[in-house]
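Here the structure comes first, spelled out in structure tokens, and everything after it is commentary.
Quick caveat: nothing in here was measured; it's all calculated off a predicted structure.
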Amino acid sequence: MNLRPITLLLIFLCTSLILSCKNDSKEKMVTENRNKPKIVNIVNFIRELEPRDENITKDVLYQTVVNQIDIMKKHDLGGTFLLQYDALVDERYQKLLKNLPKGTFEIGVWWEIPQPLVEKAGLEWRGRFPWDWHPDVGFSTGYTPEEREKLVDVYMEDFKAAFGYYPKSVASWFIDTHTLNYLYENYKIVASANCKDQFGTDGYTLWGGYWNQAYYPSKINSYMPAQNEENQIPVPIFRMLGSDPIRQYDTGLERERQGVITLEPVYQDGGGNETWVNWYLQEFINGESMEFAYTQAGQENSFTWAGMKKGFEIQMPVLAKLRDQGKIKIETLEASGKWFSETYKTTPATSVTVENDLPGSDLKTVWFNSRFYRANILWEDGTLRFRDIHLFDENIPSPYLHKKLESNQALFFTQPIVDGYLWSTSKELAGLKINYTLDGKTMSLKGGIPKISNPEAGKLQISWSLESQDGTLVLNMDEKEMQITIDGADKLDWFLDLTTPKDSKELPFETIQKKSISSIFQENSYVINALEGQFSVPSEDVVFRISPENNVIKLDFSER
């Protein structure tokens with residue numbers, strides 16, 4: 001009997017089955033990624049005047065909005081327009097915005113405080129101009145809780161008189177807790193937004209918060225994610241502007257304020273650069289987000305159409321094409337807020353990842369966020385560094401909860417474990433590095449391209465094949481814990497070292513014990529625990545070391 005034909009048939013069938021399984025697996029991964037919404041809000045907010053530049057007249061500001069609407073309509077794109085009070089009571093803006101198709105466009109609130117609103121609420125105007133951008137005048141933090149309620153009531157009644165309903169979205173560079181809760185309880189808003197993380201820009205700092213996407217804030221601190229449903233304001237706050245996940249974090253080290261690298265169309269290193277825009281949106285679509293990806297396009301009219309025209313003309317057709325291909329969902333801020341509230345009872349764990357950087361760079365990054373902490377990992381030249389870890393605590397009240405801001409600097413922070421921006425210098429970077437010892441010498445582990453996945457709900461897994469030694473580092477993060485192991489390298493003497501420049505800012509660590517680190521930042525105490533592994537201080541050059549136990553490091557970031 002000739003078995004050759006049968007053998008060939010069996011080989012063919014087995015090969016076909018293997019290829020089919022691989023294709024099914026690949027298709028499943030692609031499908032799963034597509035099922036995670038990629039949400040884009042196009043948000044443009046409107047001021048009636050711009051006192052910082054005499055060339056930016058009311059007509060220039062108005063025509064900017066006209067041009068924004070025209071280009072959005074040209075590409076059949078909807079979005080959200082947010083009105084500062086001086087623009088709200090301008091009949092030109094009312095007429096222009098009333099003609100927008102309902103459902104496709106949303107009209108909401110931009111919560112900066114100009115002179116007409118303050119005086120109509122019966123309060124004294126303290127500003128240098130009819131609109132003053134200093135946070136003790138132009139933002140609700142500059143007013144007492146009772147005054148904030150008066151300002152809200154006046155705005156809302158005038159909005160309803162103009163448009164016939166109360167708005168559902170209220171955004172600002174930062175919005176105080178009392179105002180946000182008052183807006184929810186009395187006017188049933190469903191969405192809010194605040195500025196990306198930034199240090200010192202425009203007189204206000206937001207540092208260490210839920211990075212991108214959206215979160216439910218604590219009832220006593222609008223910048224701090226809540227850990228429990230009963231202690232949260234049930235209005236999601238979306239992070240604005242679309243930060244560069246790699247470069248925004250530590251741009252401008254040792255300067256008074258950061259630079260800006262975002263999707264805003266006015267910036268030539270970001271949203272006004274075609275190469276950057278295409279790269280950013282591809283990583284936005286393809287990167288592991290765990291639950292959903294979010295970004296915000298659009299621009300405030302103060303930058304004028306001349307300043308943003310190039311970026312808008314780059315971005316709008318790209319966004320329309322990606323929408324038509326089913327790769328992104330473009331919706332109003334209100335729609336995103338309703339979806340979030342219907343989908344999540346508490347803030348979900350999400351991630352922002354970049355596996356392929358701009359041409360000429362091999363940098364890669366992961367931002368992990370949960371209601372308990374955030375962490376950022378950066379790969380550079382084959383090494384891995386934790387650039388940032390901050391903890392969240394719903395019980396820490398905002399300094400502006402009960403009293404008004406008395407200076408022109410507004411500050412919002414969370415609790416640092418690693419801060420690769422504030423603790424770094426331009427010559428030496430702070431960070432938590434994965435090292436090993438060989439022949440008495442400490443070196444950084446080096447590896448290849450990380451594999452980033454979401455193996456189950458709420459969990460992010462990173463697998464990183466080592467090149468300097470045999471083995472694979474496996475990092476698992478969930479909403480409360482982080483676990484690190486190295487498979488296939490049982491004899492490797494590895495550990496994590498936090499190092500900072502010697503002239504770094506004062507660090508928060510009070511006591512470093514074998515199984516815990518206790519810290520104090522801005523008079524608030526916090527702790528991290530080693531469920532597996534242990535802490536030590538091996539030398540004066542290392543702030544602390546985390547060594548594995550049985551090849552495992554497992555840290556708990558949830559104790560409060």
Could you tell me whether Lys451 atom NZ has more than 12 heavy atoms of other residues or ligands within 6.0 Å of it? no
Identify the two heavy atoms, one from Asn41 and one from Leu333, that lie closest to each other, and give their separation to 0.1 Å. OD1-CD1, 3.4 Å
Please evaluate residues Val366 and Val352 with respect to the criterion side-chain contact (heavy atoms from CB on, under 4.5 Å), reporting the C-alpha separation (whole Å), side-chain torsions for both, the decisive distance (0.1 Å), and the verdict. CA-CA 6 Å; Val366 171; Val352 177; over 6 Å; no
With side chains defined as the heavy atoms from C-beta onward, is the minimum distance between Trp367 and Asn212 less than 4.5 Å? no
In terms of the angle between their ring planes, are Tyr294 and Phe238 parallel, tilted or perpendicular, with boundaries placed at 30° and 60°? tilted
Quick one: are Lys446 and Leu466 in side-chain contact, heavy atoms under 4.5 Å? no
Residues Ser370, Phe368; criterion side-chain contact (heavy atoms from CB on, under 4.5 Å); working and verdict: CA-CA 7 Å; Ser370 80; Phe368 175 85; 4.0 Å; yes
Could you measure the distance from the CD atom of Gln213 to the OG1 atom of Thr295? Nearest 0.5 Å is fine. 9.0 Å
Go through it in stages, so that I can follow the logic: the residues are Asn376 and Thr365, the test is side-chain hydrogen bond (donor to acceptor under 3.5 Å, both in side chains), and I'd like the CA-CA distance, side-chain angles, deciding distance and then a yes or no. CA-CA 7 Å; Asn376 176 240; Thr365 199; 2.9 Å; yes
For the residue pair Leu555 and Phe535, what are the closest heavy atoms and their distance? CD2-CZ, 3.9 Å
Hydrogens and angles aside, do Thr177 and Asn221 bring a side-chain donor and acceptor to less than 3.5 Å of each other? no
About how many Å separate OH of Tyr215 and OG1 of Thr350, when rounded to the nearest 0.5 Å? 12.5 Å
Backbone of Gln198 reached by a side-chain donor or acceptor of Thr201 within 3.5 Å: no
Compare every heavy atom of Ala349 with every heavy atom of Gly458, then report the nearest pair and how far apart it is. O-CB, 4.2 Å
Under 4.5 Å between any side-chain heavy atoms of Ser169 and Ser192, yes or no? no
On a heavy-atom basis, which atom in Met290 and which in Asn454 lie closest, and how many Å separate them? O-OD1, 3.2 Å
Residues Glu331 and Ser336: side-chain donor-acceptor under 3.5 angstrom: yes
Please report the closest heavy-atom contact between Met482 and Leu475, naming both atoms and the distance. CG-CD1, 3.5 Å
Would you say that Phe392 contacts Gln415 through its side chain, given a criterion of any heavy-atom pair below 4.5 Å between the two side chains? no
Kindly indicate whether the side chain of Gln258, heavy atoms from C-beta on, has any atom under 4.5 Å from the side chain of Tyr421. yes
Tightest non-hydrogen contact, residues Asn408 and Asp136, listed as CA-OD1, 3.9 Å
Between the side chains of Asp419 and Arg387, is the shortest nitrogen-to-carboxylate-oxygen separation below 4.0 Å, so that they form an ion pair? no
Side-chain contact, heavy-atom cut-off 4.5 Å: Thr80 with Phe45? no
Does Glu479 form a side-chain contact (heavy atoms from CB on, under 4.5 Å) with Tyr373? I'd like the steps, not just the answer. CA-CA 7 Å; Glu479 66 173 10; Tyr373 71 102; 5.8 Å; no
Kindly assign one of parallel, tilted or perpendicular to the pair Phe139 and Phe174, based on the angle between their ring planes and the thresholds 30° and 60°. parallel
With distance as the sole test, does Ser222 use its side chain to make a donor-acceptor pair with the main-chain N or O of Ile175 at under 3.5 Å? yes
Is the shortest side-chain N to carboxylate O distance from Glu549 to Lys515 below 4.0 Å? yes
Would you please name every residue forming a salt bridge (Lys or Arg N to Asp or Glu O under 4.0 Å) with Asp497, sequence neighbours left out? Arg545
Going by distance alone, is a donor N or O of one side chain under 3.5 Å from an acceptor N or O of the other, for Thr332 and Glu334? no
Rounded distance [0.5 Å steps], OH in Tyr436 versus CG in Leu438: 6.0 Å
Tell me whether the count of non-hydrogen atoms from other residues, nucleotides or ligands lying under 6.0 Å of CG in Asn186 goes above 12. yes
Polar side-chain atom of Gln296 near backbone of Val40 as donor-acceptor pair, under 3.5 Å: no
Where do Leu498 and Trp423 land on the side-chain contact (heavy atoms from CB on, under 4.5 Å) test, with the steps shown first? CA-CA 11 Å; Leu498 175 63; Trp423 300 348; 4.3 Å; yes
Report yes if some heavy atom in the side chain of Trp464 is under 4.5 Å from a heavy atom in the side chain of Trp379; otherwise report no. yes
Output yes when Asp556 and Lys480 qualify as a salt bridge under the 4.0 Å nitrogen-oxygen rule, no when they do not. no
Among Lys219, Glu149, Glu146, side-chain hydrogen bond (donor to acceptor under 3.5 Å, both in side chains) partner for His178: Glu149
Got Leu253 and Thr425 here, is their nearest side-chain heavy-atom distance under 4.5 Å? no
Could you tell me whether the side chains of Asp393 and Tyr526 share a donor-acceptor contact shorter than 3.5 Å? no
Would you give the length of the straight line joining atom CG of Leu180 to atom CD1 of Ile233, rounded to the nearest 0.5 angstrom? 4.5 Å
Between Glu342 and Lys338, does any NZ, NE, NH1 or NH2 come within less than 4.0 Å of an OD or OE carboxylate oxygen? no
Is there a donor-acceptor pair closer than 3.5 Å between any side-chain N or O of Arg148 and the backbone N or O of Ser140? yes
State whether the number of non-hydrogen atoms from other residues, nucleotides or ligands found under 6.0 Å of Glu230 atom CD is greater than 12. yes
Checking the side chain of Tyr280 only, and the main-chain atoms of Gly271 only, is there a donor and an acceptor separated by less than 3.5 Å? no
Lys188 atom NZ, over 12 foreign heavy atoms within 6.0 Å: yes
Just one of Lys459, Gln461, Glu481, Gln483 clears the side-chain hydrogen bond (donor to acceptor under 3.5 Å, both in side chains) bar with Asn476, so which one? Gln461
I need the Lys327 NZ to Phe284 CZ distance, nearest 0.5 Å. 13.0 Å
CZ/Phe292 to OG/Ser351 distance, rounded to the nearest 0.5 angstrom? 11.0 Å
Heavy atoms of other groups near Leu531 CG, more than 12 under 6.0 Å: yes
Option among Asn435, Asn551, Thr437 that satisfies the side-chain hydrogen bond (donor to acceptor under 3.5 Å, both in side chains) test with Trp494: Asn551
Donor-acceptor under 3.5 Å (Ser398 side chain, Tyr400 main chain): yes
Filter on side-chain hydrogen bond (donor to acceptor under 3.5 Å, both in side chains), then keep only pairs touching residues 231-247, sequence neighbours left out; what's left? Asn194-Arg239, Asp197-Arg239, Asn231-Glu394, Asp244-Arg247, Asp244-Trp276, Arg247-Asp357
Ring centres of Trp207 and Tyr249 under 6.0 Å apart? yes
Distance flag, aromatic centroids of Tyr223 and Phe413, threshold under 6.0 Å: no
